Number of protein chains: 2
Amino acid sequence: MSGQTRNLRSVLRTAGCRITGQRKLLLELMQIHSGHLDAHELYRLARERDPRLSLSTIYRTLGLLHELGLVNELHLGEEHHHYEIAPAAAHHHLVCASCGKIVEFGSSLTEKLTAAVAREHNFEITEASIDLTGYCADCRAARRRGEAANPQS
Amino acid sequence: MSGQTRNLRSVLRTAGCRITGQRKLLLELMQIHSGHLDAHELYRLARERDPRLSLSTIYRTLGLLHELGLVNELHLGEEHHHYEIAPAAAHHHLVCASCGKIVEFGSSLTEKLTAAVAREHNFEITEASIDLTGYCADCRAARRRGEAANPQS
DNA sequence: ATGGCTGCAAAAGTTTTGCACTTCT
DNA sequence: AGAAGTGCAAAACTTTTGCAGCCAT
């Protein structure tokens with residue numbers, strides 16, 4: 001678990017940033033919940049371990065990590081931002097509208113797509129965000145059985 | 001111009017909603033500026049014609065139109081929401097990070113992509129949002145000449 | 001020791017809501 | 001007339017900022 005942690009820390013250090021307890025904690029939490037956290041969720045988790053940690057620190061840290069390219073800022077649902085540790089390989093999101101489950105996917109088609117669009121519109125593309133929404137197999141099955149879908153834990 | 005307007009109005013009417021002056025105005029503005037407006041921009045434009053119109057009405061109207069599927073809610077930049085009249089054919093967005101220009105694109109590749117992902121993950125996909133960010137030809141040229149990029153009007 | 005980082009509190013910005021009043025049908 | 005819609009003001013919520021003190025380096 002600490003291989004990736006050390007990696008992230010070294011980027012911070014190289015950038016001339018200090019490795020504080022708060023930053024260590026947040027980095028670790030983002031890795032454990034390798035998924036997609038929003039600021040409040042992260043705040044809640046962090047305060048279980050360090051009750052004095054403030055929401056400003058969350059935002060400042062996420063902003064910093066985002067600037068350094070260590071985390072991505074996602075705009076998935078209708079609401080606020082979500083963040084994820086920036087993956088080495090590009091990937092995108094498939095969201096279940098019923099239970100909120102988020103599945104990551106990657107596909108060679110996505111690269112073909114961005115290349116085609118870049119060529120056609122003479123853009124230099126630096127970021128691609130592909131978010132698909134729909135219903136997962138579980139929720140479709142539950143719906144067929146007349147059950148309510150349960151939101152993700 | 002009123003062909004599309006009548007179309008939108010009839011959807012409202014069918015849904016049992018009233019056609020008020022405010023709604024007519026907002027619908028018309030969204031069509032004239034067929035592009036991607038945020039709530040404040042729309043508010044500003046609307047008040048030029050009806051200075052009493054309130055921001056709540058903007059949000060309530062956009063929410064209503066969104067529910068009826070007449071407008072899409074976009075989460076392009078980092079900030080607040082943008083809205084656009086829902087196009088008949090799916091299209092997606094290419095945003096210049098320098099001048100803010102938004103280009104719409106559609107591609108048969110996008111449909112292949114969603115179909116492939118749906119099959120692979122056993123999802124029923126209802127919405128696809130593909131947003132590419134980068135630099136347009138103009139801004140790249142300006143940068144080469146050492147000029148600052150001008151934000152879009 | 002010193003400058004970056006944090007917590008706190010307050011502000012700024014976006015979106016929602018309660019309520020009295022207006023207006024479409 | 002009656003219900004849906006609106007304006008206004010206030011609240012809720014997310015995110016940012018100023019500042020005094022703290023702590024990695």
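In this text the structure is predicted, and so the values were computed from the model without any measurement. Here is how names work: the chains are called A, B, and so on, in the same order as the sequence lines, proteins then strands, and each is numbered from 1.
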- Does the side chain of A:S107 come under 3.5 Å of the side chain of A:T110 through a donor N or O and an acceptor N or O? no
- Query: Which part of the nucleic acid, if any, lies within contact of A:R23, taking any heavy atom under 4.0 Å across all strands shown: a base, the sugar-phosphate backbone alone, or nothing?
  - Reply: sugar-phosphate
- Is B:L55 touching bases, backbone alone, or none of the nucleic acid, heavy atoms closer than 4.0 Å? base
Nearest whole Å is fine: how far is [N] [atom2] from [X] [atom1]?
| X | N | atom1 | atom2 | value |
| --- | --- | --- | --- | --- |
| A:K24 | C:dT6 | NZ | P | 12 Å |
| B:H80 | C:dT15 | NE2 | P | 7 Å |
| B:E41 | C:dG13 | CD | P | 16 Å |
| A:Y59 | C:dA10 | OH | P | 19 Å |
| A:L26 | C:dC5 | CG | C1' | 13 Å |

- Walk me through it: do B:C17 and B:R23 pass the test side-chain contact (heavy atoms from CB on, under 4.5 Å)? CA-CA 10 Å; B:C17 298; B:R23 287 177 180 171; 3.7 Å; yes
What distance do [X] atom [atom1] and [Y] atom [atom2] have between them, rounded to the nearest 0.5 Å?
| X | Y | atom1 | atom2 | result |
| --- | --- | --- | --- | --- |
| B:N72 | B:Y83 | CG | OH | 11.0 Å |
| B:I85 | B:H33 | CD1 | NE2 | 11.5 Å |
| B:H75 | B:S129 | NE2 | OG | 7.5 Å |
| A:T133 | B:F123 | OG1 | CZ | 9.0 Å |

- End-to-end axis angle, where each axis spans five pairs of the helix from C:dA1-D:dT25 to C:dT25-D:dA1, to 10°: 30°
- Would A:L68 and A:L12 satisfy side-chain contact (heavy atoms from CB on, under 4.5 Å), going step by step from the backbone distance to the final call? CA-CA 8 Å; A:L68 294 177; A:L12 276 192; 3.5 Å; yes
- Task: May I ask you to decide whether A:E28 forms a salt bridge with A:K24, counting only side-chain N to carboxylate O separations under 4.0 Å?
- Result: no
- Identified side chain to side chain donor-acceptor pair (under 3.5 Å) partner of A:H93 from the options A:H36, A:H82, A:E104: A:H36
- Task: Quick one, give me the B/S/- string for nucleotides 20-25 of chain C, reading 5' to 3', where B means a protein heavy atom under 4.0 Å from the base and S means that only happens at the primed atoms, P, OP1 or OP2.
- Result: ---BBS
- DNA chain D: 5'-most and 3'-most nucleotides touching chain B, 4.0 angstrom heavy-atom criterion: D:dG2 to D:dA9
- Task: Measure from the side-chain N and O atoms of A:R9 to the backbone N and O of A:L27, and report whether any donor-acceptor pair falls under 3.5 Å.
- Result: no
- Below 6.0 angstrom between ring centroids: does that apply to A:H80 and A:H40? no
- Would you mind telling me which residue lines up with the more 5' stretch of DNA chain C, A:L64 or A:S56, judged by nearest nucleotide? A:L64
